[in-house]
Amino acid sequence: MHLSFLPILAILAASHIAAHADTQADTPAEAPADTSQSIHINSIRNPELKSYRVMAAGLDAFDEHHALAPTAREVRFKLVAGSRAPADAMRDLALRIAGNETSIALPLSADGSFTLPRSAQADSEDADLITNKKKGQYRWQPAIQSDGVPAGMRRLGDLRLQCQVMIAIAKKEIPFWVRTLVGTLLRTTDWCSAEQLKMGTRSDAPLASATLLAGEQRIAVKVEKEGRSFLAPIGDTRYADDTLIELVYQQDAAGTPPASP
């Protein structure tokens with residue numbers, strides 16, 4: 001049986017949630033407050049936000065399952081504009097951890113990604129990650145990349161670790177009955193290791209193809225959503241964590257058109 005995250009995500013979406021798991025017992029070091037830049041959110045009604053505790057659970061999952069990608073230095077999180085977001089959704093986007101006393105600006109890279117610092121104060125205040133944009137325009141997702149992975153490739157262990165982070169966050173948000181339902185469907189509490197599970201993985205550029213490189217084998221990986229996603233076989237134990245998936249983008253597959261005479 002081949003499963004994908006589609007039925008699971010449908011259940012999660014119906015419950016209005018996202019993704020992750022248990023927090024570590026150790027008390028995290030507090031990140032310093034950053035007042036070097038201001039984010040004007042007071043005038044934004046119903047802004048896009050996430051609980052700091054929920055997102056920090058992703059950091060715990062990264063630490064717990066780091067053996068899947070031992071050379072990955074960090075987990076980055078990314079704000080991605082949804083299909084219904086306006087064309088300028090990423091323009092002037094800003095993000096901050098905000099609590100009763102906490103105010104930590106989180107610099108965003110050009111692709112909308114950021115690192116999340118540990119903050120004991122933000123945790124104790126049950127602070128939020130708040131944007132300066134309205135709710136419902138973005139998706140939050142983790143991104144993990146091991147050192148040394150060639151351009152145009154994704155490492156299977158990275159994707160497995162990415163799944164652990166994503167699901168850990170989801171488990172913090174979803175109600176008990178949803179966790180029970182999904183666990184029953186997958187027959188395991190470790191959703192990411194479910195046999196033959198395939199994870200839809202977003203591509204920043206449209207794909208022409210995706211190919212799993214397993215020894216001498218070249219195995220086609222399904223590309224979907226008009227090339228914007230591929231199904232990584234993260235639950236298939238036949239493939240080691242160091243297995244690579246080769247991505248060919250549509251613009252490269254088409255080649256460069258000849259110059260006009």
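This structure is a prediction, so every number in the text was calculated from the model and none was measured.
- Grouping the Ile, Leu, Val, Met, Phe, Trp and Tyr side chains by contacts below 4.5 angstrom, directly or via other members, places F114 with I104.
- Comment: D60 engages R118 in a salt bridge, judged by a side-chain N to carboxylate O separation of less than 4.0 angstrom.
- Y52 and L108 fall within the same hydrophobic cluster, defined by Ile, Leu, Val, Met, Phe, Trp and Tyr side-chain heavy atoms under 4.5 Å apart, directly or through other members.
- Considering every non-hydrogen atom in both S229 and K225, the closest pair reads CB-CD, 4.2 Å.
- Shown here are the salt bridge (Lys or Arg N to Asp or Glu O under 4.0 Å) partners of D241, two or more places apart in sequence or in another chain: R160.
- Taken together through direct or relayed side-chain contacts under 4.5 Å among Ile, Leu, Val, Met, Phe, Trp and Tyr, V221 and I219 form part of one hydrophobic cluster.
- No more than 12 heavy-atom neighbours from other residues, nucleotides or ligands sit within 6.0 angstrom of NZ on K134.
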Subject >> Verdict with supporting geometry, T115 and E74, side-chain hydrogen bond (donor to acceptor under 3.5 Å, both in side chains) >> reply: CA-CA 8 Å; T115 57; E74 62 185 4; 5.0 Å; no
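- Looking only at distances, no side-chain donor or acceptor of Q164 sits under 3.5 Å from a matching main-chain atom of A61.
- Side-chain atoms of D92 never come within 3.5 Å of backbone atoms of N132 as a donor-acceptor pair (strictly under, hydrogens ignored).
- Between the side chain of S113 and the backbone N or O of S109 there is no donor-acceptor pair closer than 3.5 Å.
- Residues M199 and C163 come closest through the heavy atom pair SD-CB, 3.5 Å.
- When all heavy atoms of K172 and V54 are compared, the pair lying nearest together is CB-CG2, 4.1 Å.
- Smallest separation of non-hydrogen atoms from V223 and A210: CG2-N, 3.8 Å.
- With sequence neighbours left out, the side chain to side chain donor-acceptor pair (under 3.5 Å) criterion links S146 to D158.
- Side-chain contacts under 4.5 Å among hydrophobic residues (ILVMFWY), followed directly or transitively, place V149 together with M153, L213, L244.
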Subject >> side-chain hydrogen bond (donor to acceptor under 3.5 Å, both in side chains) assessment of D190 paired with T188 >> reply: CA-CA 5 Å; D190 183 1; T188 177; 5.7 Å; no
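- A donor-acceptor pair under 3.5 Å is absent between the side-chain atoms of R76 and the main chain of P142, judged by distance alone.
- In this structure, K78 NZ and D111 CG are separated by 4.5 Å, a value rounded to the nearest 0.5 Å.
- Across all non-hydrogen atoms, the minimal contact from L116 to A56 is CD2-N, 3.8 Å.
- L161 and H65 get closest at one heavy-atom pair: CD1-O, 3.4 Å.
- Looking at D128, its side chain never comes within 3.5 Å of a backbone N or O of I130 through a donor-acceptor pair.
- No donor-acceptor pair closer than 3.5 Å links the side chain of K133 to the backbone N or O of M90.
- At least one donor-acceptor pair under 3.5 Å links the side chain of R179 to the backbone N or O of I174.
- Other residues, nucleotides and ligands contribute only 12 or fewer heavy atoms inside 6.0 Å of the NZ atom of K222.
- Residue R139 qualifies as enclosed at atom CZ: its count of foreign heavy atoms under 6.0 Å is above 12.
- For the pair Q137 (side chain) and R84 (backbone), a donor-acceptor distance under 3.5 Å is absent.
- Checking side-chain atoms of E224 against main-chain N and O of L231 turns up no donor-acceptor pair under 3.5 Å.
- Side-chain N or O atoms of Q141 include none that pairs as donor or acceptor with a backbone N or O of V80 at under 3.5 Å.
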